[in-house]
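The structure appears below as structure tokens.
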Amino acid sequence: MPEGHTLYRLATALTGSFGGRRVRVGSPQGRFADSAALLDRSLLRGAEAAGKHLFIQFSAGRWLHVHLGLYGTFEVVAGPAPAPRGAVRLRLSTASSYADLRGPTACELQTGAQREAVLSRLGPDPLRPDVDPELAWRRISSSSRPVAGLLMDQNVIAGVGNVYRAELLFRHRIAPHRQGRDLSRSEWEAMWMDLVALMHDGVRTGRVDTVRDAHLPAVMGRQPRVDDHGGEVYVYRRAGQPCHVCAEALATELLDGRNLFWCPRCQSDGRSSAAGRPRPG
DNA sequence: GGAAGATGACAAG
DNA sequence: TTGTCCTCTTCCC
């Protein structure tokens, strides 16, 4: 679940259910018990997302920093809280709703200064209107690292995960191993605009859908994708299956310890594909 | 019943 | 680059 759009939805849901209220804070699993006791019955001001980070502001200048990591979940549910199921690190609750956090990489109390330190390390976040994408371009255009690695680097762009990076590269026909400094300015600008639009779609729908209308299941007469991730995608976790555009078998490889997926024909840097150049949007 | 794997990030060497 | 952490689901025996 957790790429940037997930955290923005979460921040909105948490603020909606708990913002401006005094909340019960507990750690049924126990690992956050001491800090939870400090926060219990205090005023929750609101929650905000930055990249894949979530910050929940409480009274007295306290911030709760949450990072979901690979498989963390944070469920916000209407209704009275039931007995905890599984390893619930953190539970927020009022009489009318509750939220359970499981498996996070980070769940810690922070001061405002510590929060600022986290924020200062993040590259521009496509979901925030006030960011300067030029900062990301400077880092990409001066780097010899593969574009696929740069897109996942939170210091370069904040909030992009394995799904968005694979799909963005496909949509722009960029070979994942091309060096950052070999990306053209116009390619970058198109990718950034597309990423902003894709991630806003993700915030709206709660899914990552990257397939253009012409390649949707109904249009192509193929089965819709069914898995835990839910969205219609071109290449993510489709290794060995035919490309929706050119039918070539999709490739996979471990890059920087993460699974990378791409189409060797559509993303071959220069050679033309059977279906022509995909356009953003 | 157990292993493998997953949309992530960090420290150590 | 490798190891480590966090939890749950899926798959295989």
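- Note on residues 138-164 of chain A: pairs passing ring pair (Phe, Tyr, Trp, His ring centres under 6.0 Å), not counting sequence neighbours, are His5(A)-Tyr164(A).
- Put simply, the side chain of Leu101(A) does not reach to within 4.5 Å of the side chain of Phe32(A), judged on heavy atoms.
- Read 5' to 3', the first and last nucleotides of DNA chain C with an atom closer than 4.0 Å to a heavy atom of chain A are dC6(C) to dC8(C).
- Sorted by first and then second residue, the salt bridge (Lys or Arg N to Asp or Glu O under 4.0 Å) pairs involving residues 108-120 of chain A (not counting sequence neighbours) are Glu48(A)-Arg115(A).
- Remark: Leu168(A) CG to Trp192(A) CH2 distance equals 10.5 Å, nearest 0.5 Å.
- Taking only side-chain nitrogens and oxygens, Tyr71(A) never comes nearer than 4.0 Å to OP1 or OP2 of dG5(B).
- If you take atom P in dC13(C) and the same atom in dG5(B), they sit 14 Å apart, rounded to whole Å.
- Look at CG on Leu7(A): it is 11 Å from P on dG8(B), rounded to the nearest Å.
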Steps toward side-chain hydrogen bond (donor to acceptor under 3.5 Å, both in side chains) verdict (Glu253(A), His177(A)): CA-CA 11 Å; Glu253(A) 168 192 298; His177(A) 296 93; 2.7 Å; yes
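- Going from atom NE2 of His65(A) over to atom C1' of dG8(B) covers 12 Å, rounded to whole Å.
- When the P atom is compared between dA4(B) and dT4(C), the two are found 15 Å apart, to the nearest whole Å.
- Under the 30°/60° scheme for interplanar angles, the aromatic rings of His53(A) and His65(A) are found to lie parallel.
- Gln57(A) CD to Leu14(A) CG: the interatomic distance, rounded to the nearest 0.5 Å, is 13.5 Å.
- Scanning residues 249-261 of chain A for heavy-atom distances under 4.0 Å to DNA chain B yields Arg258(A), Asn259(A).
- Taking 4.5 Å as the limit, every side-chain heavy atom of Val147(A) sits out of range of all side-chain heavy atoms of Trp188(A).
- dC8(C) and dC10(B) have their C1' atoms separated by 22 Å, with the value rounded to a whole Å.
- Residue Lys52(A) places none of its side-chain N or O atoms closer than 4.0 Å to OP1 or OP2 of dT7(B).
- If you check residues 108-116 of chain A against DNA chain B, you find no residue with a heavy atom closer than 4.0 Å.
- Within the 4.5 Å cutoff, the side chain of Phe261(A) has no heavy atoms near those of the Leu250(A) side chain.
- Between the C1' atom of dG5(B) and the OH atom of Tyr236(A) lies a distance of 10 Å, rounded to the nearest Å.
- One P atom belongs to dC5(C), the other to dG13(B), and the distance between them is 14 Å to the nearest Å.
- Considering only heavy atoms from C-beta on, Val233(A) stays 4.5 Å or farther from Val235(A) through its side chain.
- Residue Gln29(A) is in sugar-phosphate contact alone, with no base atom involved, counting any heavy-atom pair closer than 4.0 Å across all strands shown.
- Atom pair Arg237(A):CZ and dG5(B):C1' shows a separation of 8 Å (rounding to whole Å applied).
- With respect to the salt-bridge test (charged N to carboxylate O, under 4.0 angstrom), the residues Arg165(A) and Glu3(A) do not qualify.
- Phosphate proximity of dA9(B) to His67(A): present, with a side-chain N or O under 4.0 Å from OP1 or OP2.
- One can place CG of Leu70(A) at 9 Å from P of dA6(B), the figure rounded to the nearest angstrom.
- Taking Arg204(A) as the reference, Asp201(A) meet the side chain to side chain donor-acceptor pair (under 3.5 Å) condition, with sequence neighbours excluded.
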